[in-house]
Amino acid sequence: TLFYSDWGPSEVGCDLWTASVNENPPHVERLKSLEGCAWHPAISPDGRWLLFMWNGNPVIAPYPSLEHFQPISTMPGSFPVWHPDGESIFYLDSWGTLTTVEIRTEPTISFSPYEVAQWGPFDSLDIFPDGRRFLVIKADLVEPITELVVVENWFEELKRKAPPSR
């Protein structure tokens with residue numbers, strides 16, 4: 001099953017969906033219409049929990065009901081992924097820093113405070129199946145513009161510095 005989000009201006013924009021890719025044609029189903037915007041869904045390794053971004057924050061909900069979803073952190077971000085052992089999640093915070101949160105789902109759901117796993121900034125994230133390596137796209141930071149030079153009478157200045165040859 002493929003989990004995805006619909007992004008765009010429509011009555012179904014920002015909802016979470018599944019597609020059964022073993023069927024021909026694939027069976028597509030909206031998981032739940034949520035107030036607000038949901039994206040980047042990631043199913044837990046045991047298939048019992050869905051991690052996703054909701055209105056900019058990482059949340060978790062029991063799957064398939066998606067009832068009573070809980071925020072994992074107050075640090076906004078994107079690209080949440082499960083560690084293959086199901087005991088932690090990773091996501092990029094709003095600055096592009098790779099963060100981690102330990103998670104327990106038994107006997108009740110609980111989380112550790114988020115910690116920095118790797119300073120970024122990064123633009124995208126995924127984890128290898130062995131759980132020991134990440135694939136990240138490093139953000140290309142552009143120096144901010146801090147100065148603006150205005151040259152008045154530019155053509156006269158050009159004529160003075162580079163007079164026409166005779």
Side-chain angles (χ1 to χ4, degrees), residues 1-8 10 12-142:
T1 301
L2 174 70
F3 292 81
Y4 67 99
S5 56
D6 176 26
W7 193 263
S10 71
V12 295
C14 295
D15 283 338
L16 301 176
W17 297 76
T18 62
S20 300
V21 294
N22 293 335
E23 299 177 29
N24 191 5
H27 174 73
V28 175
E29 181 179 352
R30 185 188 312 186
L31 289 177
K32 185 173 187 170
S33 182
L34 302 168
E35 287 189 25
C37 203
W39 66 95
H40 295 307
I43 193 72
S44 64
D46 66 7
R48 296 178 42 222
W49 299 92
L50 190 65
L51 170 67
F52 58 97
M53 301 307 291
W54 181 70
N55 290 340
N57 292 309
V59 298
I60 187 172
Y63 179 76
S65 73
L66 298 187
E67 297 296 329
H68 312 295
F69 56 90
Q70 294 181 286
I72 289 174
S73 170
T74 58
M75 177 60 73
S78 59
F79 300 102
V81 295
W82 287 91
H83 188 280
D85 67 10
E87 295 181 2
S88 59
I89 63 116
F90 297 89
Y91 70 100
L92 299 179
D93 72 12
S94 57
W95 298 102
T97 301
L98 178 60
T99 59
T100 182
V101 174
E102 290 182 13
I103 185 168
R104 300 286 177 253
T105 57
E106 298 293 334
T108 61
I109 194 155
S110 62
F111 317 104
S112 71
Y114 79 92
E115 295 180 14
V116 171
Q118 179 66 49
W119 292 103
F122 303 111
D123 278 338
S124 188
L125 159 72
D126 206 349
I127 191 168
F128 279 76
D130 65 9
R132 296 181 12 217
R133 297 171 291 158
F134 294 94
L135 176 64
V136 293
I137 297 174
K138 190 166 177 130
D140 184 20
L141 295 180
V142 176

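Please read these numbers as outputs of a predicted model, since none were measured by experiment. Sequence positions, counted from 1, serve as the residue numbers for this chain.
To the nearest 0.5 Å, the span separating CD1 on I127 from CG on L135 amounts to 11.0 Å.
The nearest pair of heavy atoms linking D123 to K138 is OD2-O, 4.4 Å. Contact between P62 and H68 at its shortest, heavy atoms only, is CD-O, 4.4 Å. P129 and P84 make their closest contact through O-CG, 3.2 Å (heavy atoms, listed as atom of the first residue, atom of the second, distance). A pairwise comparison of heavy atoms in A42 and P80 identifies CB-O, 3.7 Å as the closest pair. Smallest separation of non-hydrogen atoms from G47 and Y63: O-CD2, 3.5 Å. Considering all non-hydrogen atoms of both residues, E67 and A61 come closest at O-CB, 4.4 Å.
The aromatic rings of F79 and H40 sit tilted relative to each other, their planes meeting at an angle between 30° and 60°.
At a threshold of 4.5 Å between non-hydrogen side-chain atoms, the residues M75 and S94 count as touching. When side chains are defined from C-beta on, L31 does not count as touching F52, because their heavy atoms never get closer than 4.5 Å. Side-chain contact between I103 and W82 is present, with at least one heavy-atom pair separated by less than 4.5 Å. In this structure the side chain of F3 never reaches within 4.5 angstrom of the side chain of L16, judged on heavy atoms.
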(Q) Before you tell me yes or no, could you show the steps for T97 and L92 under side-chain contact (heavy atoms from CB on, under 4.5 Å), namely the whole-Å CA-CA distance, both residues' side-chain angles and the distance that decides it to 0.1 Å? (A) CA-CA 5 Å; T97 301; L92 299 179; over 6 Å; no
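Using a distance-only test at 3.5 Å, with no hydrogens or angles considered, a donor-acceptor pair links the side chain of H83 to the main chain of G131. A donor-acceptor contact shorter than 3.5 Å links the side chain of S44 to the backbone of W49.
I89 pairs with exactly one of V81, I60, I72, T100 by the side-chain contact (heavy atoms from CB on, under 4.5 Å) rule, that one being I72. For the ring-ring contact (aromatic ring centres under 6.0 Å, His included) with F134, the qualifying choice from F128, F90, Y91 is F90, the only one to do so.
Counted within 6.0 Å of CG on D46, heavy atoms from surrounding residues, nucleotides or ligands total more than 12; the atom is thus considered enclosed.
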Name the atoms and distances for all side-chain donor-acceptor pairs under 3.5 Å in residues 110-122, with sequence neighbours left out.
from: S112; atom 1: OG; to: E102; atom 2: N; distance (Å): 2.9

